[in-house]
Amino acid sequence: MDELRFDDRTVIVTGAGRGLGRSHALLFAARGARVVVNDLGGAVDGTGASPEPADAVVAEILSAGGDAVASYDSVADPDGAASIVRAALETFGGLDVVVNNAGISDVDSFDRLSTERWQRMVDVHLFGTVHVLQAAWPVMVEAGYGRVVNTFSEGGLGRIPKATSYGSAKGGVLGFTRTLASEGANLGISVNAISPRADTRSSAPEILAQIFDLPAETFAGVMKAMKPELVSPAAVFLAHESCTLNGEVLVVGEGQVCRMAIVENEGITRAALTPEDIAANLAKVMDVAGAHVVSINNLLETV
Ligand code: NAD
């Protein structure tokens, strides 16, 4: 198969100064894309800022012969998000792909997470994705073409303890991905997501130790195989013009890639349904053998 190339394509990667975003940006650039390397450069919990991470990745891309520009704006700020999109348009004259990757981590039990900490989490993950796309969407609609790759997490499925704010923000990203995908379907724009597994700052052994109440050494070896470079191929695939997926989530890490799907089974139907009907038929209500995948197709088309 021919290499999936991005020559003459402009790609924004948010949070591209470190970890997964850096790895995505390097792979896009190696495939010929002009890349806006956006990163606020803050601490893992979202506080602070520095131009250094974005500058370092731009320098890496330029020294390898690629094309990139740095952006230090916060995706959590609507004006900042608009200026990330402006950087693409003013520097490269267009915009084809947005990879919403910027993220923070703030691990704690629900009773200890203040409203302020919840707000910061939702502002970066959910509203960060929304703000960047609010600015990018009209450009893509006008062009009749666009590829969006958002970043979900298995934390949004309840699989990570002490992650109520993070999981909720990511749950919002999942709903946004699917609903926007159905809007983009007739506009030439696809919206998908990856759910990564990788050894990065946000999944450092010290953070995992806090999450799972185990010594940090427990995780040092496990994480080594989870290289960010083994996640980026899924982001790049979903961003390519040849990709026909829309509204999908690919779980990716350690060399594995698989589909994450929401399914619905036949359940039971009773003309005058009672709570006792549910109790008496719980096994049938819960059995997903033979269940179908819930698509993003308009509900009216599926009934
Ligand atoms: P990371 O901390 O290494 O990188 C995240 C980057 O985002 C940082 O460089 C940070 O400065 C930047 N950033 C944070 N807030 C920003 C803002 N408001 N505006 C612009 N940039 C901002 O973490 P990572 O693991 O590479 O995370 C990347 C994405 O992947 C996140 O959305 C994260 O939730 C998600 N994720 C990671 C894993 C994993 O296993 N590492 C698992 C599931 C989801």
Side-chain angles (χ1 to χ4, degrees), residues 12-26 36-57 70-85 87 98-107 119-132 149-157 159-160 163 165-174 177 193-208 211 219 222-232 234-235 249-254 256 260:
I12 289 173
V13 183
T14 68
R18 299 187 183 92
L20 289 165
R22 169 181 169 273
S23 168
H24 300 340
L26 294 178
V36 177
V37 175
N38 159 261
D39 204 294
L40 178 65
V44 72
D45 69 353
T47 55
S50 161
E52 280 169 33
D55 283 343
V57 173
S71 140
Y72 318 113
D73 291 289
S74 172
V75 297
D77 168 25
D79 293 337
S83 114
I84 299 168
V85 171
V98 174
V99 181
N100 287 300
N101 163 82
I104 59 173
S105 172
D106 186 15
V107 173
Q119 191 68 58
R120 192 160 62 218
M121 187 61 75
V122 174
D123 280 348
V124 173
H125 287 280
L126 177 55
F127 277 103
T129 304
V130 171
H131 294 324
V132 174
V149 183
N150 293 333
T151 308
F152 182 58
S153 164
E154 288 164 288
L157 300 179
R159 302 191 77 184
I160 302 176
S165 64
Y166 177 75
S168 302
K170 288 297 193 187
V173 169
L174 176 63
T177 299
I194 58 167
S195 185
R197 296 171 179 158
D199 182 12
T200 63
R201 184 179 70 160
S202 76
S203 60
E206 306 72 52
I207 291 183
L208 296 177
I211 294 174
F219 304 98
V222 184
M223 296 307 290
K224 274 212 168 64
M226 299 199 182
K227 300 182 192 321
E229 305 88 85
L230 290 176
V231 169
S232 300
V249 181
L250 296 181
V251 180
V252 58
E254 252 186 301
Q256 184 198 15
M260 180 186 287

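Just so it is clear, the values below take in all heavy atoms, side chains as well, and ignore hydrogens, waters and symmetry mates. Quantities reported herein were computed from a predicted structural model and do not represent experimental measurements. Numbering of ligands and ligand atoms starts at 1, following listing order.
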- Query: Is the backbone of Ile104 close enough, under 3.5 Å, to the side chain of Ser202 for a donor and an acceptor to pair up by distance?
  - Reply: no

- Message: Which of the numbered atoms in ligand 1 are under 4.0 angstrom from any heavy atom belonging to His125?
- Response: 32 (O), 34 (O)

- Nearest protein heavy-atom contact for atom 29 (C) of ligand 1: which residue, which atom, what distance? Asn101 O, 3.0 Å

- For Glu52, does the CD atom have more than 12 heavy-atom neighbours from other residues, nucleotides or ligands under 6.0 Å away? no

- Message: Return the closest protein heavy atom for atom 44 (C) of ligand 1 as residue, atom name and distance.
- Response: Tyr166 OH, 3.2 Å

- Message: I need the atoms of ligand 1 closer than 4.0 Å to a non-hydrogen atom of Gly19, numbered in the order shown.
- Response: 3 (O), 26 (O)

- Item | Residue pair Thr129 / Asn150, side-chain donor-acceptor N/O under 3.5 Å | no

- Note on the structure: Arg201 heavy atoms within 4.0 Å reach ligand 1 at atoms 2 (O), 3 (O), 8 (C), 10 (C), 11 (O)

- What do you reckon, does Lys170 put a non-hydrogen atom under 4.0 Å from ligand 1? yes

- Proximity flag Asp73 to ligand 1, non-hydrogen atoms under 4.0 Å: yes

- Item | Numbered atoms of ligand 1 (with element) below 4.0 Å of Arg197, judged on heavy atoms | 40 (O)

- Message: Just to confirm my output: which protein heavy-atom neighbour is closest to atom 27 (O) of ligand 1, and how far is it?
- Response: Ser202 OG, 4.0 Å

- Note on the structure: Shortest non-hydrogen pair, Asn38 vs Ser71, comes out as ND2-OG, 3.0 Å

- When you measure from the side chain of Thr14 to the backbone N and O of Ala102, does any donor-acceptor pair fall under 3.5 Å? yes

- Item | Polar proximity ligand 1 side, Gly21 side, N/O cut 3.5 Å exclusive | no

- Less than 3.5 Å between some nitrogen or oxygen of Ser74 and one of ligand 1, yes or no? yes

- ligand 1 to Leu20 polar contact by distance, N or O atoms, under 3.5 Å: yes

- Please verify whether a non-hydrogen atom of Thr14 lies at under 4.0 Å from ligand 1. no

- To which protein heavy atom is atom 40 (O) of ligand 1 closest, and what is the distance rounded to 0.1 Å? Ala198 N, 2.9 Å

- Query: Has the side chain of Asp55 got a donor or acceptor atom that lies under 3.5 Å from a matching backbone atom of Ala70?
  - Reply: no

- Return the residue, atom name and 0.1 Å-rounded distance of the protein heavy atom closest to atom 15 (N) of ligand 1. Ile104 CG2, 3.7 Å

- Message: I need the minimum non-hydrogen distance between Ala81 and Val75, along with the two atoms involved.
- Response: CB-O, 4.1 Å

- Message: Between ligand 1 and Met226, can you find any atom pair, the residue atom being a heavy atom, that is separated by under 4.0 Å?
- Response: no

- Item | Any Gly46 heavy atom less than 4.0 Å from ligand 1 | no

- dist Asn100:CG -> Thr151:OG1 (nearest 0.5 Å) comes out at 7.0 Å

- Work out which heavy atom in Ala16 is nearest to a heavy atom in Val57; give both atom names and the distance. O-CG2, 3.3 Å

- Message: Using the rule side-chain contact (heavy atoms from CB on, under 4.5 Å), only one of Ile207, Val107, Asp106 pairs with Val44; which is it?
- Response: Ile207

- Between the candidates Gly15, Pro53, Ala102, which shows the shortest non-hydrogen contact distance to atom 16 (C) of ligand 1? Ala102

- Identify the heavy atoms of Arg120 and Thr47 that sit nearest to each other, and give their distance. NH1-CG2, 3.8 Å

- Message: Applying a heavy-atom cut-off of 4.0 Å, say which part of Asp199 lies close to ligand 1: side chain, backbone, both or neither.
- Response: neither

- Query: Is a donor on one side and an acceptor on the other found under 3.5 Å between the side chain of Asn101 and the backbone of Gly15?
  - Reply: yes

- Query: Nearest protein heavy-atom contact for atom 25 (O) of ligand 1: which residue, which atom, what distance?
  - Reply: Thr200 OG1, 2.5 Å

- Item | N or O pair under 3.5 Å between Val75 and ligand 1 | yes

- Query: Among all protein non-hydrogen atoms, which one is nearest to atom 43 (C) of ligand 1, and what is the separation to 0.1 Å?
  - Reply: Pro196 O, 3.3 Å

- Message: Could you check whether any side-chain N or O of Ser203 sits under 3.5 Å from a backbone N or O of Thr200, counting only pairs where one atom can act as donor and the other as acceptor?
- Response: yes

- Message: Can you give me the closest heavy-atom contact between Val231 and Ala198, atom names plus distance?
- Response: CG2-CB, 4.0 Å

- Item | Under 3.5 Å: N/O of Arg18 near N/O of ligand 1 | yes

- Task: Note the single closest protein heavy atom to atom 35 (C) of ligand 1, along with its residue, its atom name and the distance in Å.
- Result: Thr151 CG2, 3.5 Å

- Message: Yes or no: does Ser203 have any heavy atom under 4.0 Å from an atom of ligand 1?
- Response: yes

- Query: Any idea which heavy atoms bring Ile211 and Ile160 closest together, and the distance?
  - Reply: CG2-CG2, 3.6 Å

